[in-house]
Amino acid sequence: MRRPGRDQFAPCDYAHRIGQRRTDEETIAFFDAVHAGGEQKRNASLELLDRGDWDFFLSALGETHCAGHQFWHLHDPGHPGYDPALAERFGDDPVRTIYGRVDAALGDHLARLGPEDTAYVLMPHGMTAHHDGAHLLDHVLERLDRWLDDPSGFGRATRAAAEVARWIPRPLRGPALRAASPLLRARAGAPARDQLPPMEGRRWFQVPNNTVVGAVRLNLEGREPCGQLHPTTRREVLA
């Protein structure tokens, strides 16, 4: 069921997920749902195809796209989120499993075609690890907004952390920074996502989009109900 406020996300981004990230049990339950859904779609599609007398028949098997996005961290051992214990619970690679089932479903469809039939198979883009910071954009925008009001006190903690990180051996740098990040966030005064000031009182804010692409909206007077930027001065403020 689609949850309010998540219309910009695909269902596979939040299905079987209560918190910010899926637990191991939620990940397994979600895989089972994707696998079962793919099998149901295969059976329904083949049943319709077997009825025959089709001038044109189209079937979309999108489970590969979903599997690539949601289970890549269990497919690629080099992924930062790779969990060998959870991967071991799956036994088989979840991405390869879903891809294999979709490939078999495609073969089942092609096997039913006659010599006079024409098949066209469309495969979209491939899949690999993708790391972005779209989830940080609104925090950055909020800090810029506060910086314009009072530039003092910004940046010292970040510069100090960068200087310390230079002396940490590279293999240990990532774990050390992750361990220190809660302290740095507290020192920087970064609020939690649900504690950010209301958009109406800010000069700019992130436009809800998805987890891949970020977008920014200027809170302009005369356009927004509680505009903060005058259209004739926005360039000076942004500069």
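Treat the numbers as computed from the prediction; the structure is a model and nothing was measured.
- Other residues, nucleotides and ligands place no more than 12 heavy atoms under 6.0 Å from the CZ atom of Arg96.
- Put simply, the side chain of Val216 does not reach to within 4.5 Å of the side chain of Val207, judged on heavy atoms.
- Distance check: Arg112 CZ to Asp117 CG gives 13.0 Å after rounding to the nearest 0.5 Å.
- Taking the six-membered ring where the residue is Trp, Trp54 and Phe57 present perpendicular rings, their angle passing 60° and hence far from 30°.
- Salt bridge annotation for Asp83-Arg89: absent, with no cationic side-chain nitrogen under 4.0 angstrom from a carboxylate oxygen.
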**OP:** Evaluate the side chain to side chain contact (heavy atoms under 4.5 Å, CB included) criterion for residues Cys66 and Phe71: first the C-alpha distance (whole Å), next the side-chain angles of each, then the deciding distance (0.1 Å), finally the verdict.
**Re:** CA-CA 8 Å; Cys66 179; Phe71 302 111; 5.6 Å; no

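- We find that Glu224 and Arg217 are joined by a salt bridge, their nearest charged nitrogen and carboxylate oxygen being less than 4.0 Å apart.
- Using a 4.0 Å cut-off between charged side-chain N and carboxylate O, Arg101 and Glu39 make a salt bridge.
- Between the side chain of Arg22 and the main chain of Arg17, no donor-acceptor pair closer than 3.5 Å is present.
- When all heavy atoms of Ala87 and Leu74 are compared, the closest pair comes out as N-CD2, 4.1 Å.
- Contact record, Pro197 with Glu142: CD-CG, 3.6 Å, taken as the closest heavy-atom pair.
- The cluster map of Ile, Leu, Val, Met, Phe, Trp and Tyr, joined by side-chain heavy atoms under 4.5 Å apart, puts Leu106 and Val95 in different clusters.
- Both Met127 and Ile98 are part of a single hydrophobic cluster, where members link through side-chain heavy atoms under 4.5 Å apart.
- Taking OH of Tyr120 as the start and CZ of Phe56 as the end, the distance is 10.5 Å to the nearest 0.5 Å.
- Distance check, rounded to the nearest 0.5 Å: CG of Leu61 to OG of Ser45 gives 6.5 Å.
- A pairwise comparison of heavy atoms in Lys41 and Gly62 identifies NZ-N, 3.8 Å as the closest pair.
- Remark: side-chain polar atoms of Glu26 are paired, donor with acceptor, to backbone N or O of Thr23 under 3.5 angstrom.
- Gln70 contributes no side-chain N or O that, together with a main-chain N or O of Gly68, makes up a donor-acceptor pair within less than 3.5 Å.
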Original post:
side chain to side chain contact (heavy atoms under 4.5 Å, CB included) between Asp93 and Tyr99: does it pass, once the steps are laid out?
Top reply: CA-CA 10 Å; Asp93 184 323; Tyr99 270 59; over 6 Å; no

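- Side-chain atoms of Asp150 never come within 3.5 Å of backbone atoms of Trp147 as a donor-acceptor pair (strictly under, hydrogens ignored).
- Between Leu229 and Leu220 the shortest side-chain heavy-atom distance falls below 4.5 Å.
- Phe90 has its side chain within reach of Ile28: a pair of non-hydrogen atoms, C-beta onward, lies under 4.5 Å apart.
- Judged by distance alone, the side chain of His109 and the main-chain N or O of Ala105 form a donor-acceptor pair under 3.5 Å.
- Nearest heavy-atom pair, Glu221 versus Gly227, reported as atom, atom and distance to 0.1 Å: CG-O, 3.6 Å.
- Note: the hydrophobic cluster containing Leu148 also contains Leu218 (ILVMFWY, side chain heavy atoms under 4.5 Å, direct or indirect links).
- Remark: side-chain polar atoms of Asp92 are not paired, donor with acceptor, to backbone N or O of Thr97 under 3.5 angstrom.
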Subject >> Pair His35-Glu63, side chain to side chain contact (heavy atoms under 4.5 Å, CB included): steps then yes or no >> reply: CA-CA 8 Å; His35 187 274; Glu63 284 72 23; over 6 Å; no

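- Using a 4.5 Å cut-off between side-chain heavy atoms of Ile, Leu, Val, Met, Phe, Trp and Tyr, with links allowed through other members, Ile18 and Leu86 fall into different hydrophobic clusters.
- Here the straight-line distance linking atom CG of Leu49 with atom OG of Ser59 works out to 8.5 Å at 0.5 Å rounding.
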**OP:** Step by step, work out the side chain to side chain contact (heavy atoms under 4.5 Å, CB included) result for Arg146 and Arg143.
**Re:** CA-CA 5 Å; Arg146 286 192 288 132; Arg143 281 176 61 81; 3.5 Å; yes

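- With hydrogens and angles ignored, the 3.5 Å screen pairs a side-chain donor or acceptor of Trp204 with a backbone N or O of Leu141.
- The aromatic rings of His69 and His65 stand perpendicular to each other, their planes meeting at an angle above 60°, with 30° marking the opposite boundary.
- The two residues Gly201 and Asp145 come nearest to each other via the heavy atoms O-OD2, 4.5 Å.
- Between the side chain of Asp138 and the backbone N or O of Phe205, no donor-acceptor pair lies under 3.5 Å.
- Taking the side chain as every heavy atom from C-beta outward, Leu196 and His139 approach each other to under 4.5 Å.
- Leu137 approaches Gly214 most closely through the heavy-atom pair CD2-CA, 3.9 Å.
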**OP:** Output, in order, the C-alpha distance, side-chain angles, deciding distance and verdict of salt bridge (Lys or Arg N to Asp or Glu O under 4.0 Å) for Arg203 and Asp149.
**Re:** CA-CA 11 Å; Arg203 295 179 177 89; Asp149 295 327; 2.8 Å; yes

